[in-house]
Amino acid sequence: MGTTLRIFGREFRGYLNSPALYIFLVVFVSMCGWVLFHQSAFWTQNFARLDALFSVMPLLLLVFVPAVAMRLWAEEHKTGTVELLMTLPVREWEAVLGKYLAALLVVLLALALTAPVAAIVAGLADEKTPMDFGPVWGAYLGMAMMGAIYLAIANMVSALTKNQIVAFIMGITFCFGIFMVGAPGVLRSLPEAVVPFFAYIGLGAHLDGVIRGVVDTRTVLYTASFVAVMLFATVRILDSRRWR
Amino acid sequence: MMIDVSNLTKLYGSTRAVDGISFQIDKGEVVGFLGPNGAGKSTTMKVLTCFIAPDGGTVKVAGHDVVDDSIGVRRSLGYLPENTPLYEEMGVVEFLRFVAGVRGVPSSKRKERLDHVIRSCGLAGVVAKTIGQLSRGYRQRVGLAQALIHDPDILILDEPTSALDPAQIVEIRDLIREIGKTKTVLLSTHIMQEVAATCSRAIIISRGKIVASGTPEELTGQRKGERRVRAEFRAEPKEVEAAARALPGALGAEAVAGNKGSAVLTATFKDGGGDPAEALYRLARDKDWALRELREDRATLEEVFIRVTKQL
């Protein structure tokens, strides 16, 4: 565990030292505010609600998370530091987990930075109908789970290439795939036998409930197992590079 | 036996980058790994350090197998990869602390080890800098410092002096020699003087195979206690040969006809019995042969290198 923590620490400090991260954060947070206050019916409805924000945030995460994750392995392969890292007494899973957790903290940080938007909305509510924070917490939890899943995919993709831009675009593509695969329109076009499988794999069905404020153990289990499978795949990809 | 490589093979696609090489390195040896570019030096080192896996053969480092116990192998060695990859955005000290931590240097010793490598690698002037700001020479020293920070028994250095200026090269060679007194060092290079200056033994590889191996003296064909001299006289080769054989301390002599009626003599003398070159000069004076050339004959490592790597 000590090794994982050290790799986590190094990676997270690496993020804090990179100017790109601050640009991504500013863009992400301002997009969130812009969507809510300019692009939705926020001002005409009579409720202090964040629905519009949380319906768009999955799409913002779809771009933001691969942008955060693209450097994780692609940069190590590009600069050759992977040779330094993997010849230290570090097990592959320790390196993968440490890096994943560092990037996850960045994603959670980005979500936390949108809190002022929620606070402004809460402040706008009149005293008789204050904002209901229950669904807001639920929605944030759902976003965090979605971020964790996207990140696990984008992290794996980053291990496949030396090129960060390729990692970024492939990350978006794969995340979008998993976002779409459970959508009703897609399911309708699939052979009936595979529908339950795709419905389960797909992100939407699991997170809709959470975003509405309902958290059940199945969703937690889905997220945890999805992330675990992706991290395991990343370990295998890194291991296979040794045999090339 | 610190490093035991037996029949190692590594393929890149259908290319045999390393083709069944075997060698052993004992504790306390400093071994130079020589070869033209693309000979398989770096590939062998990458296998030894568990960065890539062998396709055939067995490789043991400090008794640990690189496939079955790669963590054990990696714990026992320090490695400077080719081209010195480093985390550019990290500070020098921050980076060395990170490696020390992952390498499991106990926190009570960390400060001491850090101070030690900063001193011995000459990094005191750049401790406040970020690695990305450093010149290539300093980057290489940082790479060396991270390989040394946990005081490993085995050091594997892929071209440790390639980016250094002459003064730095001398410093780093001294450092490697110093380390070599107690540790096992395998370093790759294509600078021949480096082998002569730092290594107790050299292994020359070409196209994935070992083509020569031995001490620098053995490789240059000079046995200990012998001196070889080359001389050219205007005289009959047979006469020169016989006269040279009769000189005190002579172990052997051979003369062939050179151009313009001269004889080119190559003679071996016992070391420590007076200067063979002086003896040959006196011979020429006594016999009244014109002396056209006289020098100690020493096949340079460069010549050996070019000869053995061309063979295949």
Side-chain angles (χ1 to χ4, degrees), chain A residues 1-23 68 71-99 101-103 106 159 162 164 235-244, chain B residues 10-13 17 42-43 45-55 61 64 66-67 69-91 94-95 97-107 130-132 142-143 146-147 149-150 152 156 158:
Chain A
M1 206 60 212
T3 307
T4 308
L5 275 180
R6 281 178 208 289
I7 290 177
F8 165 81
R10 198 210 71 74
E11 196 67 39
F12 190 66
R13 261 176 284 136
Y15 274 118
L16 296 186
N17 283 336
S18 94
L21 174 70
Y22 298 97
I23 296 169
V68 169
R71 63 180 289 232
L72 283 171
W73 291 101
E75 193 183 30
E76 297 254 5
H77 284 121
K78 180 97 179 171
T79 60
T81 47
V82 68
E83 187 167 358
L84 200 68
L85 180 65
M86 298 323 288
T87 55
L88 293 173
V90 172
R91 289 175 180 85
E92 268 110 353
W93 67 263
E94 292 172 325
V96 169
L97 187 62
K99 278 172 167 282
L101 291 176
V106 169
K162 277 185 179 185
Q164 290 198 42
V235 169
R236 299 305 306 168
I237 289 167
L238 290 174
D239 192 49
S240 74
R241 281 182 170 259
R242 296 181 60 225
W243 297 91
R244 232 173 253 174
Chain B
K10 178 73 194 175
L11 310 169
Y12 287 131
S42 291
T43 303
M45 288 183 151
K46 283 178 168 79
V47 173
L48 283 171
T49 54
C50 305
F51 183 58
I52 55 176
D55 288 320
V61 177
H64 307 279
V66 291
V67 177
D69 184 12
S70 91
I71 293 286
V73 171
R74 288 184 263 171
R75 278 214 180 94
S76 61
L77 53 80
Y79 176 41
L80 172 69
E82 194 182 11
N83 301 327
T84 328
L86 298 168
Y87 291 111
E88 305 283 332
E89 79 283 358
M90 289 181 101
E94 182 192 11
F95 172 68
R97 279 215 187 94
F98 165 70
V99 176
V102 176
R103 287 283 189 190
V105 178
S107 45
T130 304
I131 290 171
V142 173
Q146 66 80 25
I149 191 125
H150 54 303
I156 296 183
D158 203 345

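By convention in this document, chain letters (A, B, ...) are assigned in the order of the sequence lines, proteins followed by strands, and residues within each chain are numbered from 1. Just so it is clear, the structure is predicted and the values come from calculations on it, not from any experiment.
Both the backbone and the side chain of Phe51(B) come within contact range of chain A, with heavy atoms under 4.5 Å apart. Contact annotation for Glu75(A): neither backbone nor side-chain heavy atoms come within less than 4.5 Å of a heavy atom of chain B. For Glu88(B), no part lies near chain A; criterion is any non-hydrogen pair under 4.5 Å. Residue contact with chain A, scored on non-hydrogen atoms closer than 4.5 Å, involves the backbone of Leu11(B) exclusively.
Taking OG of Ser70(B) as the reference point, atom CZ of Arg91(A) lies at 8.5 Å (rounded to 0.5 Å). Separating the OG1 atom in Thr49(B) from the CD atom in Glu83(A) is a distance of 6.0 Å, to the nearest 0.5 Å. Distance check, rounded to the nearest 0.5 Å: CG of Leu86(B) to OG1 of Thr81(A) gives 9.0 Å.
The closest donor-acceptor contact from the side chain of Arg103(B) to the backbone of Leu88(A) lies at 3.5 Å or more, if one exists at all.
At least one test fails for Arg6(A) against the ring of Phe98(B): distance under 6.0 Å to the centre or angle within 45° of the axis.
Per-residue heavy-atom pair counts under 4.5 Å with chain A were compared for Cys50(B), Pro54(B), Gly13(B), and the maximum is reached by Cys50(B). Of all the listed residues (Leu5(A), Val82(A), Thr79(A), Thr87(A)), the one sharing the greatest number of non-hydrogen pairs under 4.5 Å with chain B is Thr87(A).
A salt bridge does not link Arg13(A) with Glu89(B): none of the charged nitrogens is closer than 4.0 Å to a carboxylate oxygen.
What you find for Val102(B) and Pro89(A) is that their closest heavy atoms are O-CG, 3.9 Å.
Side-chain contact between Asn17(A) and Tyr87(B): absent, with no pair of heavy atoms (C-beta onward) separated by less than 4.5 Å.
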